[in-house]
2 protein chains.
Amino acid sequence: MVQYSQPNLDAAFAALSDATRRGVLEQLGQAEASITELADRFQMTLTGMKKHVVVLEQAGLVTTEKIGRVRTCRLGARRLEEEAAWIESYRQLWAARFDDLDTVLEDMKRREKTNG
Amino acid sequence: MVQYSQPNLDAAFAALSDATRRGVLEQLGQAEASITELADRFQMTLTGMKKHVVVLEQAGLVTTEKIGRVRTCRLGARRLEEEAAWIESYRQLWAARFDDLDTVLEDMKRREKTNG
DNA sequence: TATACACTGAACCAAATGGTTCAGTATTCG
DNA sequence: CGAATACTGAACCATTTGGTTCAGTGTATA
């Protein structure tokens with residue numbers, strides 16, 4: 001059984017629970033951006049966007065670097081592996097309780113192949 | 001491109017951002033339980049646990065049924081499919097930005113097989 | 001050098017969160 | 001019937017959240 005880091009999961013899921021922050025992550029997946037650009041795109045004050053970026057940064061989902069007067073934001077080191085794993089194992093549990101055995105076994109085989 | 005329901009994602013991720021609630025889900029994956037049993041197991045007042053259950057219920061992750069004086073909680077209809085999909089597509093984005101092309105392609109092939 | 005620009009920090013605000021206690025109501029059991 | 005059980009709702013509380021404005025600081029530019 002995998003052991004999950006509760007504080008990490010807490011911070012990551014909380015960071016993902018806001019549509020603006022999910023939007024920022026999707027944006028940064030396309031291209032890096034400054035706080036001003038993000039604030040502009042999500043129709044928010046600079047200060048407001050800064051707070052979201054801080055939340056994402058603390059969750060490890062974003063890193064930032066300030067050069068001159070511009071702070072550039074990029075995707076961070078966290079790749080949501082633990083979170084994906086938690087959700088997948090939950091889905092297994094769910095399936096085991098509600099699906100017929102065939103479906104569960106198929107699912108397990110599929111996962112085995114994927115993980116091997 | 002898949003379209004995500006922001007309110008659903010908001011509610012589900014917020015529900016998952018609390019360790020107690022994740023614990024309740026894991027518990028209910030093993031066996032259904034009453035509010036009293038859950039409150040007991042997670043060392044919390046009945047009222048406190050009730051609130052968590054309401055949050056999970058509103059996110060669609062738990063359903064409850066009151067028979068006599070006991071309210072029984074079970075896993076709900078929501079199987080975190082959208083949430084898993086969001087995270088997976090994020091992971092793709094992430095990989096595309098940071099990994100070498102081989103890794104990305106391998107990952108895409110893997111996903112194709114899994115989804116087929 | 002003066003001005004505009006990008007960000008930052010403090011203060012404030014309303015609403016939500018995560019918990020509690022206390023006072024019920026309804027149900028079961030002896 | 002009377003007592004114990006299981007939950008419910010209201011009220012309260014401290015903290016966090018998601019946003020704002022306002023007053024800076026530091027950097028680039030005309």
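Naming: A, B, ... by sequence-line order, numbering from 1 per chain.
- Between the CD1 atom of B:I35 and the C1' atom of D:dT5 there is a distance of 14 Å, given to the nearest Å.
- Counting to the nearest Å, the P atom of D:dA4 and the CZ atom of B:R69 are 12 Å from each other.
- In terms of modelled atom types and a separation under 3.5 Å, the side chain of B:R21 and the main chain of B:A14 share a donor-acceptor contact.
- Each of B:S34 and A:I67 was matched to the nucleotide of DNA chain D holding its nearest heavy atom; the match closer to the 5' end belongs to B:S34.
- The distance from atom CD of B:E65 to atom C1' of D:dA6 is 15 Å, rounded to the nearest whole Å.
- Atom CD of A:Q6 and atom P of C:dG18 are 14 Å apart (whole Å).
- For the pair B:R71 and D:dT8, the criterion of a side-chain N or O lying under 4.0 Å from OP1 or OP2 is met.
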What is the per-nucleotide protein-contact pattern of nucleotides 14-25 of chain D, from the 5' end, where B denotes a base atom under 4.0 Å from a protein heavy atom, S denotes such proximity for sugar-phosphate atoms only, and - denotes neither? ----SBBBB---
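- Across all non-hydrogen atoms, the minimal contact from B:Q6 to A:A19 is OE1-CB, 3.8 Å.
- A straight line from NZ of B:K66 to C1' of D:dT5 spans 11 Å, rounded to a whole angstrom.
- B:D10 has its CG atom 15 Å from the C1' atom of C:dT17, to the nearest Å.
- B:R97 places a side-chain N or O within donor-acceptor distance of the main-chain N or O of A:Q30, the cut-off being under 3.5 Å.
- Checking each of B:E32, B:R71, B:K50, B:R74 against B:T64 for a side chain to side chain donor-acceptor pair (under 3.5 Å) leaves exactly one that passes, namely B:R71.
- Judged by distance alone, with hydrogens and angles left aside, the side-chain atoms of A:E83 form no donor-acceptor pair with the main-chain N or O of B:I87 at under 3.5 Å.
- Ring-plane geometry between B:F13 and A:F13 is classed as parallel, the angle between the planes falling under 30 degrees on a 0 to 90 degree scale with a further cut at 60.
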